[in-house]
There are 2 protein chains.
Amino acid sequence: MSAPSVTIGEASRATGVSAKMIRYYEETGLLGPAERTASGYRVYSEGDLHALRFVRRARDLGFSMREIADLLALWHDRSRASAAVKAVALDHVADLRRRIGELEAMARSLEHLAERCCGDDRPDCPILDDLAGGAEIR
Amino acid sequence: MSAPSVTIGEASRATGVSAKMIRYYEETGLLGPAERTASGYRVYSEGDLHALRFVRRARDLGFSMREIADLLALWHDRSRASAAVKAVALDHVADLRRRIGELEAMARSLEHLAERCCGDDRPDCPILDDLAGGAEIR
DNA sequence: TCTTGACCTTCCCACGATGGGAAGGCCCAT
DNA sequence: ATGGGCCTTCCCATCGTGGGAAGGTCAAGA
């Protein structure tokens, strides 16, 4: 029932966030300063671990640290409007979709070039031709 | 007919690669050291501009500098097998597809959560609920 | 009690690719 | 000759992450 008060290494193992990153999150203010033992060791409560898991999950979903800071503030604000959270999430989805579109365009261009490249021992290669003169040729 | 011998600023405007990046490419060895005037200014020939456009196009296609170094070497090797180029390109496509898949998974998860979030003035929010306890709840 | 090994601390450095900016030199046109 | 626009090098920042050194701490076993 009492807070477990684990060290940074145990917190890392319990949350999947590296000790390095836990310190970094503290240093940059994403998370508040951790409690310390008399000898200076950082100590984490169950609530701290909860926050670390929150951050980890948000990173897994591709949120930036800036966005995570916003989400954490909303999480701690019990009277937040769900609309505010949804807005952050949908902004992020739009960003993801934009990046997906860029990567898709690259992949399609390259696949198109690769299709036309016979890929044998001969030196002729439409891929290099495109890179070397792309703008002029098409 | 003669090589135009332009300055770095003109080379930048002619190729769309910033002067900063041209110097960086030289510093890291992606491109050979540029010719210099007596006073130390870098000087670029038409062949140099061609290489810069090659790099720019490859960057536009998302190739890393490491991959571009490989592609430049293949470009300069007139007896290369097109298969080698195709292999680099298809490796890169696979990498792009993998990254697209990751972003897609994030976007879909978030869209799924956002759908279930009514997004009004009330504080209840499945998005935050997922972040706060994701692993346990689903 | 002493040692040993695992842990913690802070501090610095690196990545990849890009941009910002300062301090100082160069070149050309007026 | 002077001014403005260009060039040079050098350092710093980004973002999120990892590596590693130097030194302190803690618990377990001899």
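All values reported here derive from a predicted model rather than from experimental measurement. To find a chain, count down the sequence lines: A is the first, B the second, and so on, and within it residues start at 1.
Using a 4.5 Å cut-off between side-chain heavy atoms of Ile, Leu, Val, Met, Phe, Trp and Tyr, with links allowed through other members, A/Leu31 and A/Tyr41 fall into different hydrophobic clusters.
Remark: A/Asp120 pairs with A/Arg122 by the salt bridge (charged side-chain N to carboxylate O under 4.0 Å, His left out) rule, at least two apart or across chains. Residues forming a side chain to side chain contact (heavy atoms under 4.5 Å, CB included) with B/Glu10 (at least two apart in sequence, or on another chain): B/Val6, B/Thr7, B/Arg13.
Across the protein-nucleic acid pair, B/Glu10 atom CD and D/dC7 atom C1' stand 12 Å apart, rounded to whole Å.
In the region residues 16-34 of chain B, proximity to DNA chain D at under 4.0 angstrom, judged on heavy atoms, holds for B/Lys20, B/Arg23.
Side chain of B/His92 to backbone of B/Leu61: a donor-acceptor contact under 3.5 angstrom is found. The closest donor-acceptor contact from the side chain of B/Ser12 to the backbone of B/Ile8 lies at 3.5 Å or more, if one exists at all.
Contact footprint of chain A on DNA chain C: nucleotides with an atom under 4.0 Å from a non-hydrogen protein atom, first to last in 5' to 3' order, C/dC7 to C/dC11.
Counting non-hydrogen atoms under 4.0 angstrom, A/Thr37 reaches nothing in the nucleic acid. No engagement by A/Arg66 is indicated, since no non-hydrogen atom pair under 4.0 Å with the nucleic acid exists.
Under a 4.0 Å N-O distance rule, the pair B/Asp60/B/Arg57 does not qualify as a salt bridge. Salt bridge status for B/Glu104 with A/Arg97: present, with a side-chain N to carboxylate O gap under 4.0 Å.
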Exercise for the section: Go through A/Ser5 and A/Val43 one step at a time and tell me if the side-chain contact (heavy atoms from CB on, under 4.5 Å) criterion holds. Expected result: CA-CA 5 Å; A/Ser5 289; A/Val43 167; 3.6 Å; yes
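Checking B/Val17, B/Ile68, B/Thr15 one by one against B/Arg56, the side-chain contact (heavy atoms from CB on, under 4.5 Å) holds for a single residue, B/Val17.
Within the structure, side chain to side chain donor-acceptor pair (under 3.5 Å) pairs that include any residue of residues 20-40 of chain B comprise B/Glu26-B/Arg42, B/Thr37-B/Ser39 (at least two apart or interchain).
One end of the helix from C/dT1-D/dA30 to C/dT30-D/dA1 points its axis 30° away from the other end's axis, with each axis taken from 5 pairs and the angle rounded to 10°.
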